[in-house]
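Reviewing the structure listed below.
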Amino acid sequence: MPTDEQIERVRELVRSVPEGAVTTYGDLAEAAHLPSPRISAWIMKHDSSDLPWHRVVRADGTPAPHIAAKQLELLRHEGVPVRDGRVDMKSARATLTP
DNA sequence: TTTGTGACCTGGA
DNA sequence: ATCCAGGCCACAA
């Protein structure tokens, strides 16, 4: 289990992603000093209901399949460049500032 | 204890 | 562009 600090750190980072931008599980893991992107995913799954969870996508810009539909709609709604079911990471990827 | 399964990522073919 | 293998780590059975 990730430590409470790690969890809070990731939650803070997600909160810091501005509207119209996105981040990735890998970026979160790096910024929060987690040992693996899977931990970011674990945290998002269990403790993200009160966060802008839709701003977290995979490294290739595709959202996790089970939430893809809703997520893409939310992202489009806030002006994120979505083309053919994937986010244009080159322009939408947020810079995570510790 | 071991094994399989995931909101994952990278590098090589 | 796509596919696969290997690494990763927490958890449930």
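Atom OH in A/Tyr25 sits roughly 24 Å away from atom P in C/dG7 (whole-Å rounding). The distance between atom CG of A/Leu34 and atom C1' of B/dA7, rounded to the nearest whole Å, is 14 Å. When rounded to the nearest whole Å, the span between CG of A/Asp47 and C1' of B/dA7 equals 14 Å. Rounded to an integer number of Å, the gap from A/Ile39 CD1 to C/dA10 P is 4 Å. Atom CG of A/Leu13 and atom P of B/dA7 are 22 Å apart (whole Å). At whole-Å resolution of the value, CZ in A/Arg58 and P in C/dT2 are 13 Å apart.
Applying the side chain to side chain contact (heavy atoms under 4.5 Å, CB included) test to A/Ala92 and every residue at least two apart in sequence or in another chain returns A/Val22, A/Val80, A/Pro81, A/Val87. The side chain to side chain contact (heavy atoms under 4.5 Å, CB included) check on A/Ser49 picks up nothing, with sequence neighbours excluded. Remark: A/Trp53 engages no residue in a ring-ring contact (aromatic ring centres under 6.0 Å, His included) (not counting sequence neighbours). Residues passing the side chain to side chain donor-acceptor pair (under 3.5 Å) test with A/Arg11, sequence neighbours excluded: A/Glu8, A/Asp50.
The stretch residues 81-90 of chain A participates, sequence neighbours left out, in these side-chain hydrogen bond (donor to acceptor under 3.5 Å, both in side chains) pairs: A/Asp88-A/Ser91. Sorted by first then second residue, the salt bridge (Lys or Arg N to Asp or Glu O under 4.0 Å) pairs that include residues 16-27 of chain A, not counting sequence neighbours, are A/Asp27-A/Arg93.
The side chain of A/Ala41 lies closest to B/dA7 when the candidates are B/dA7, B/dC9, C/dC9. Minimum atom distance to the side chain of A/Pro35 is reached by C/dC9, of the listed C/dC9, B/dA7, B/dC9.
Distance noted for atom C1' between B/dG6 and C/dC8: 12 Å (whole Å). Nucleotides C/dG7 and B/dA7, compared at atom P, are 22 Å apart to the nearest Å.
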Atom pairs, N/O to N/O, protein against nucleotides 11-13 of chain C, distance under 3.5 Å?
from: C/dC11; atom 1: OP2; to: A/Met1; atom 2: N; distance (Å): 3.0

Please produce a list of atom pairs where a protein N or O lies less than 3.5 Å from an N or O of nucleotides 11-13 of chain B.
none

Are any protein N/O atoms closer than 3.5 Å to N/O atoms in nucleotides 4-6 of chain B? If there are, list each pair with its distance.
from: B/dG6; atom 1: N3; to: A/Arg38; atom 2: NH1; distance (Å): 3.4

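Within residues 67-98 of chain A, the residues that have a heavy atom under 4.0 Å from DNA chain B are, in order of number, A/Ile67.
A/Ser48 comes within 4.0 angstrom of a base, heavy atoms only.
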Identify every side-chain donor-acceptor pair in residues 30-37 of chain A under 3.5 Å, counting partners at least two apart or on other chains, and give the distances.
from: A/Ser36; atom 1: OG; to: A/Arg38; atom 2: N; distance (Å): 3.0

For residues 64-71 of chain A, tabulate all N or O donor-acceptor pairs below 3.5 Å that involve a side-chain atom, not counting sequence neighbours.
from: A/Gln71; atom 1: NE2; to: A/His54; atom 2: O; distance (Å): 2.9
from: A/Gln71; atom 1: NE2; to: A/Val56; atom 2: O; distance (Å): 2.8

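A/Leu51 contributes atom CG, which lies 10.5 Å from atom CG of A/Leu13 (distance to the nearest 0.5 angstrom).
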